[in-house]
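What follows is a single structure, written as structure tokens, with notes after it.
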Amino acid sequence: MHRSTRLITLAAVCLALLPALPAEAAPTRLEAENATISQGAVESNHAGFSGTGFVNGDNVAGPYVEWTFNAPAAGTATLALRYANGTTANRPSDISVNGALIADDRAFNPTGAWSTWATATLTAPVVAGANTIRATASATGGNPNWDYLDAEVAATPGNDHQAEDATITQGVVESNHAGFTGTGFVNYDNVTGSAVEFTVNAAAAGNATLTFRYANGTTVNRPMSISVNGSAQTKDFPGTGAWSTWQEVQVNAALNAGANTVKASSTTANGGPNLDRLSVGVTGPPDTEKPTVPGNPRSTGTTSSSISLAWNAATDNSGTIKDYRVREGDTVVATVTGTTATVTGLAGSSTHTYTVTARDPSDNESDRSAAVTATTQPPTSGGTPVDANGQLRVCGIKLCNENGKQIQLRGMSSHGIQWHYDCLNTASLNALADDWKSDVLRISMYIQEGGYDTNPRAFTDRVHNLIEQATSRGMYAIVDWHMLNPGDPFAQNNLNKAKTFFTEIAQRHNNKKNLLYEVMNEPSGVAWSRIRDYAQQIIPVIRANDPESTILVGTRAWSSLGVSESSDESEIVNNPVNATNIMYTFHFYAASHGTNYLNTLSRAADRLPMFVTEFGTQTSSGGGGNNFSRSQQYIDLMAQKKISWVNWNFSDDPLSGAAFTEGTCPGGPFTGTSRLKEAGRWIRDQVRLPDDF
């Protein structure tokens, strides 16, 4: 769909907390034979070592070599460990700096011979002066042979961030009001959620003052959410009297050593003030105090494969809790930023006991909470869409179940999981499956627009979680590679990113019967031949790991079969993707897309396997008035021709196309109609119609 989110990505400015220092001329070399050695000996019987020898540790877990590195200043050090491993097995080691573990089971793989030396490099925060760096064997084979450690502290840059050089979402760089610093300032769009995001590189963990220089020429406060590494607080940005009058607002926060994300997001429809810069200054030494213990851990719900937990928030002297860890025994099973978590992938009728700890921005971890025990529900049997249909496949030009029966799936799409992940919790997904009677959940993971690109690991894990949530409820799951801007599927290295993402998804979930892969959301501004080329490169990657699941291919011009760029379905009919068990996607918004779009879908469905993976009853912006009569024409056509569909969107976004009223998420209620918008009530009725399975 043609949504209005803009993302202007500029080079992020690196920032440190200390005055600039010259780079070291060379690393400091620390020979292993001169270090502190526990359970090992200095030897010289293998060639190629530096200094007078090397350290051969005993072949048990626990031996270590400990070096002392005198750093000229606090900062981030590069540590290069030279070693030899003449065995055929990895010899992992725990690497710690000043007692803090920085690399758990770091691999030191075979080098081919004891006289063949290799170097492993990692980075870690160090303090000014003496630092202890220890490498401890973490397996019974012992450590590799250690030759030396090279240590070097990087120089640190200055302490100002210009807003115009940051990552800007829904805003523009301007220079039409005097008094700014740098080359301009950011004018936020007048919407909730417009944002400026800075990357702050701190030389060492510690407490800091964040100073935002801004102008607000209105008489109305423009409050913003200031998020530091995901922990947010709201600050007022009152009127300054004129757009050329600049003032400052300060926020106290704890920074990690290394990269930190500082995001200033508008919280009202007025948007944010004009933002000139962010300055950072040290206000205290590194924090060594642990947070308090999370209180009152409890189970808030179970399914046949998951347990949902909640607890009372911990507190910390820094004022910020970075995250919480949920453990079963000594194993961390979930890491979250809020005070709830859902542990998935569990067996039915199984009992589990968990504890919770809190961590602050300096990675101080609290003691463990009291234990909470819960039991999953019995395994589900019968009655769900997946139970009824099993593994889907394309037969002819229709979607069929494992018995060859032509079927139609009906369901809902999430909004972008970077914005509305809180609308996809235990209660809301239970409502989608049980109250809405949805057959399918589309998991919309944006690539740009603040999505996958910002943290591939975190967003891939969110998709894993939502696949498990859909699976436990017997719904089908569409994994949506939600490319929007840019519209070229090859742009910004997105093909290679897609290969990485879909490989992991397919490898982990290839034993499931409920997956569909949507390999591109809405290509635009490119020819069908380029879209086809992308599809023919990504499909084999999925098929190598999951040969059975149906794959959905986007079509030209925002998945309109080319209509929005003056084409039609004939380009696909005449030059289809060379692959089997695939379908083509179509998107429409009833208040914007009339008879021409409707007729094109109708013709295409007679010649191509079609799946409507996104539609709305309003305009293509996702907002505006609803056109239910036109929507009903589409619904009737899709029912007649067995075209499966998914509606946009299952969230409480402010636009009219969102199902729920603002503020519904995360607490609900999600069942019934009390918190549904007009579009939500209408589409719920359509989803709840009896299935023909």
Side-chain angles (χ1 to χ4, degrees), residues 192-193 225 232 234 267 296-313 324 326 334 336-344 356 372 374 376-377 380 384-385 410-444 462-463 465-475 477 616-617 622-623 646-688:
T192 302
S225 172
T234 300
T267 61
N296 189 28
R298 55 204 181 272
S299 171
T300 57
T302 62
T303 70
S304 60
S305 63
S306 69
I307 295 174
S308 295
L309 304 170
W311 52 88
N312 296 347
Y324 295 88
V326 179
V336 297
T337 56
T339 56
T340 62
T342 298
V343 184
T344 61
V356 184
V372 55
T376 58
Q377 296 177 15
T380 57
T384 71
R410 301 190 303 268
M412 296 297 293
S413 175
S414 75
H415 204 315
I417 58 175
Q418 75 273 45
W419 297 311
H420 294 285
Y421 191 56
D422 64 342
C423 290
L424 302 169
N425 55 39
T426 299
S428 67
L429 293 175
N430 284 344
L432 183 63
D434 301 331
D435 180 53
W436 288 57
K437 307 297 183 185
S438 180
D439 304 322
V440 56
L441 168 68
R442 181 183 186 231
I443 303 165
S444 291
R462 287 187 178 188
V463 174
N465 174 54
L466 292 172
I467 290 172
E468 297 293 352
Q469 295 287 349
T471 303
S472 70
R473 293 164 174 81
M475 291 189 291
T617 58
V646 176
N647 177 262
W648 183 272
N649 69 72
F650 194 70
S651 82
D652 61 355
D653 179 77
L655 295 176
S656 60
F660 298 103
T661 57
E662 289 182 75
T664 299
C665 302
F670 299 100
T671 58
T673 60
S674 64
R675 295 303 297 265
L676 295 179
K677 294 178 183 174
E678 186 180 22
R681 291 192 295 273
W682 190 88
I683 199 62
R684 176 177 175 271
D685 288 342
Q686 308 304 316
V687 176
R688 283 168 58 89

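Please read these numbers as outputs of a predicted model, since none were measured by experiment. Numbers here simply count residues along the sequence, with the first being 1.
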Taken to the nearest 0.5 Å, the spacing of Met475 CE from Leu466 CG works out to 9.5 Å
Distance (rounded to the nearest 0.5 Å) between Asp422 CG and Ser428 OG | 9.0 Å
Smallest separation among heavy atoms of Trp436 and Met412, with atom names | CZ3-SD, 3.8 Å
Please report the shortest heavy-atom distance between Gly338 and Trp311, naming the atom on each side.
-> O-CZ2, 3.5 Å
Search all heavy atoms of Ser299 against all heavy atoms of Ile307 and return the closest pair with its distance.
-> OG-CG2, 4.1 Å
Note: Arg473 and Thr426 closest approach over all heavy atoms is NH2-O, 3.4 Å
Any donor and acceptor pair, going by atom type alone, linking the side chain of Asp439 with main-chain N or O of Arg410 inside 3.5 Å?
-> yes
Looking only at heavy atoms, what is the nearest atom pair of Ile467 and Thr471, with distance?
-> O-OG1, 2.7 Å
Look at the side chain of Ser414 and the backbone N and O of Ser444, then say whether any donor-acceptor pair between them is shorter than 3.5 Å.
-> yes
Whether Lys677 side chain and Leu655 backbone form a donor-acceptor pair below 3.5 Å = yes
Should Tyr421 and Asn465 count as side-chain neighbours, where that means a heavy-atom distance under 4.5 Å?
-> yes
Quick one: does Arg462's side chain get under 4.5 Å of Ile443's, heavy atoms only?
-> no
Step by step, would you call Thr339 with Val356 a side chain to side chain contact (heavy atoms under 4.5 Å, CB included)?
-> CA-CA 10 Å; Thr339 56; Val356 184; over 6 Å; no
Verdict with reasoning, Thr300 to Thr340, per side chain to side chain contact (heavy atoms under 4.5 Å, CB included) | CA-CA 9 Å; Thr300 57; Thr340 62; over 6 Å; no
Can you tell me how far the OG atom of Ser472 sits from the CD atom of Gln377, to the nearest 0.5 Å?
-> 9.5 Å
Closest non-hydrogen atom pair between Glu662 and Arg675, with its separation = O-NH2, 3.4 Å
Would you mind reporting whether Phe670 and Asn430 have side-chain heavy atoms less than 4.5 Å apart?
-> no
What is the distance from atom OG1 of Thr661 to atom CG of Asp653, rounded to the nearest 0.5 Å?
-> 12.0 Å
For side chain to side chain contact (heavy atoms under 4.5 Å, CB included), just list the numbers for Val687 and Asn647, CA-CA rounded to whole Å, side-chain angles, deciding distance to a tenth of an Å, and then say yes or no.
-> CA-CA 9 Å; Val687 176; Asn647 177 262; 5.9 Å; no
Answer whether the closest heavy-atom distance between the side chains of Cys665 and Ser651 falls below 4.5 Å.
-> no
So, does Arg684 use its side chain to make a donor-acceptor pair with the main chain of Thr673 at under 3.5 Å?
-> no
What is the distance from atom OG1 of Thr671 to atom CG of Leu432, rounded to the nearest 0.5 Å?
-> 12.0 Å
Have Ser306 and Thr342 got a donor and an acceptor in their side chains that come within less than 3.5 Å?
-> no
When rounded to the nearest 0.5 angstrom, what is the spacing between CG in Asp652 and NE2 in His415?
-> 9.5 Å
List the steps, then state whether side chain to side chain contact (heavy atoms under 4.5 Å, CB included) holds for Leu676 with Phe660.
-> CA-CA 4 Å; Leu676 295 179; Phe660 298 103; 3.5 Å; yes
